[in-house]
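Report on the structure given below.
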Amino acid sequence: MAKIQTPQAVRGTQDMFGETEERFVHVVATFERVRKLYGFKGLQLPVIEPTAVFSRSLGEATDVVSKEMYTFEDRGGDSITLRPEFTAGIARAYLTNGWQQFAPMKLSVHGPLFRYERPQKGRYRQFHQIDAEIIGAGEPAADVELLVMADQLLKELGINDGVTLQLNTLGDTPSRDAWRAALVGYFNDHKGALSEDSLSRLEKNPLRILDSKDPKDRPIAAAAPVIDDYLSGEAQDFFGAVTAGLDAAGVAWTRNAALVRGLDYYRHTAFEFVTDRLGAQGTVLGGGRYDGLIENLGGPATPAVGWAAGIERLAMLLEHGSQDKFDAVIVVENDDRLSDAIRLARKLRAAHFATEIVATGSPRKRFDKAAKLPAHTLISLSVADGAPSMRIRGEGSEIAARVEAFIVGAN
RNA sequence: GCGACCGUAGCUCAGUUGGUUAGAGCGCUGGUUUGUGGUACCAGAGGUCGGGGGUUCAAGACCCCUCGGUCGCCCCA
């Protein structure tokens, strides 16, 4: 008989288990707790959307739309896309459900996203993000609230060490356009010294030359025109209000004038929490104000601001995975005690003690097997001199004391 | 899309310039030992060396293709 090839996971996907899974869940649980502290409502959204949701918001011709989305035709002939981001889908839901009536809305989501990219450290084809948005709020206080929440989240996860908040403003539309024109002019004057990659960026996405990694581009980028010289008074006031709010909240930040967004719908605030501990994928959490997006989707002009963070990346930064521990492990050292063990386990679990039974394999080795499980209490059931015997070994912790007291009380 | 490195038991890996029946540790199963105990010893199961093709008397080692993994570039909504 021919041996069949064992199926493999799709490239760029992962099966999370054990410590990896526990870290992942911990990030989500922490996010859920923190976002409630700030009054953000939860949202559950479809994973698939009409392709137009993304092609219209991101721009038909961009690489991300043309090359990096999972797009397919369904059986009815409609073009469907696995969501590559949350923001566009949230904006779509806002419009289709008429949520203007609730504006301003503070919303949070988390779940899987899909991008057809080459996997590398902290980058997968199916990845997961937590996401927070405020839609319908045009004032800088909304930006501040979102940033303060992000800062608290990172602190509660214990990964704020070595993470810095980089902040920039892209200005309002006139400011941004003027700056962009000045940059294109400047880079055109220095064409000869730019790297090959940056020459093509000059055609497609000139702002990106500013954060080029190529050492050839660095000095040119460093001397490029800065947004500050092109900011309108209104845009300056807006950015000033954001930084003042952060200072008032005690959130540390640094200005990064090279922090840009490629898409035109971004306005004003752009930010990234960046770490040096994840190789090339340094951004841990990023976002900004996207006042132009909802209009791109055919809706009314609606100011909005938000951020998203990769759960896998956050999980990788966690100090140590808190391994789940059993409250009690019951060892059946003599098969005659199996029923007793089942009865006791049932009682413990009903009292909300996480309990495991070890009753398989060589009876002589079961104790060793059980002792290797992470547990607060180890309960051994055996038969000594013809009489049933139970021994409890606690680790001396408060939980162990409660388990022991419960067992004594229950018998 | 481009580049570098990698792919040998369930896991972590060794395998000498190609040369008999492919190894270790951990884990697993069984036995012995110990007995308020996470010990030690013995034995066993488990591998068509990611897959396909080629070179050779001979390939886990060399060549080509392919599929995965890792890291970087590009991109980054």
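Lettering of chains follows the sequences in order, A, B, ..., and the numbering in each one begins at 1.
- Under the 3.5 Å distance criterion, with hydrogens and angles disregarded, no donor-acceptor pair is assigned to the side chains of A:Ser232 and A:Glu234.
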Check your understanding: Can you give one letter per nucleotide of nucleotides 36-45 of chain B, going 5' to 3': B for a protein heavy atom under 4.0 Å from the base, S for sugar-phosphate only, - for none?
Key -> BBBB------

Check your understanding: With the sugar-phosphate defined as primed atoms, P, OP1 and OP2, and the base as all remaining atoms, what B/S/- string results for nucleotides 1-13 of chain B, 5' to 3', for protein heavy atoms under 4.0 Å?
Key -> BBB----------

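- A side-chain donor from one of A:His128 and A:Glu312 sits under 3.5 Å from a side-chain acceptor of the other.
- At a cut-off of 3.5 angstrom, the base of B:A77 holds at least one donor-acceptor pair with the side chain of A:Arg115.
- Look at the P atom in both B:A24 and B:C42: the space between them is 12 Å, to the nearest Å.
- A:Tyr116 carries A:Arg125 over the face of its six-membered ring, with the cationic atom under 6.0 Å from the centre and within 45° of the normal.
- Ionic pairing of A:Asp368 and A:Lys365 is not present here: no N-O contact between side-chain nitrogen and carboxylate oxygen is shorter than 4.0 angstrom.
- The side chain to side chain donor-acceptor pair (under 3.5 Å) analysis of residues 132-141 of chain A, with sequence neighbours excluded, yields the pairs A:Thr87-A:Glu133, A:Glu133-A:Tyr290.
- Every residue two or more places apart in sequence or in another chain that forms a side chain to side chain donor-acceptor pair (under 3.5 Å) with A:Lys155 is listed here: A:Asp151.
- Within 4.0 Å (heavy atoms only), A:Gly306 reaches no atom of the nucleic acid at all.
- Residue A:Phe127 is classed as having no contact, given no heavy-atom separation below 4.0 Å to the nucleic acid.
- Side chain of A:Arg201, nearest nucleotide from B:G35, B:C74, B:A77: B:C74.
- Of the side-chain N and O atoms in A:Arg11, none sit less than 4.0 angstrom from OP1 or OP2 of B:C67.
- RNA chain B is contacted by both A:Thr360 and A:Asp214; A:Thr360 maps to the nucleotide lying nearer its 5′ end (nearest heavy atom per residue).
- Looking at which nucleotide of RNA chain B each of A:Arg313 and A:Leu278 is closest to, the 5′-most match is held by A:Leu278.
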**Study point:** Watson-Crick and G-U pairing of RNA chain B written in dot-bracket, each distance under 3.5 angstrom, with | for inter-strand partners
**Key:** (((((((..((((.....[...)))).(((((.......))))).....(((((..]....))))))))))))....

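- Taking the salt bridge (Lys or Arg N to Asp or Glu O under 4.0 Å) definition, one finds that A:Arg115 meets it with nothing, sequence neighbours left out.
- A salt bridge is defined here as a Lys NZ or Arg NE, NH1 or NH2 lying under 4.0 Å from an Asp or Glu carboxylate O, and A:Arg255 with A:Asp228 meets this definition.
- B:G18 and B:C5 are spaced 23 Å apart, taking the C1' atom of each and rounding to whole Å.
- Between B:U17 and B:C71, the two C1' atoms lie 31 Å apart (nearest whole Å).
- The pair A:Arg364-A:Glu333 fails the salt-bridge criterion, with no side-chain N (NZ, NE, NH1 or NH2) lying under 4.0 Å from an Asp/Glu carboxylate O.
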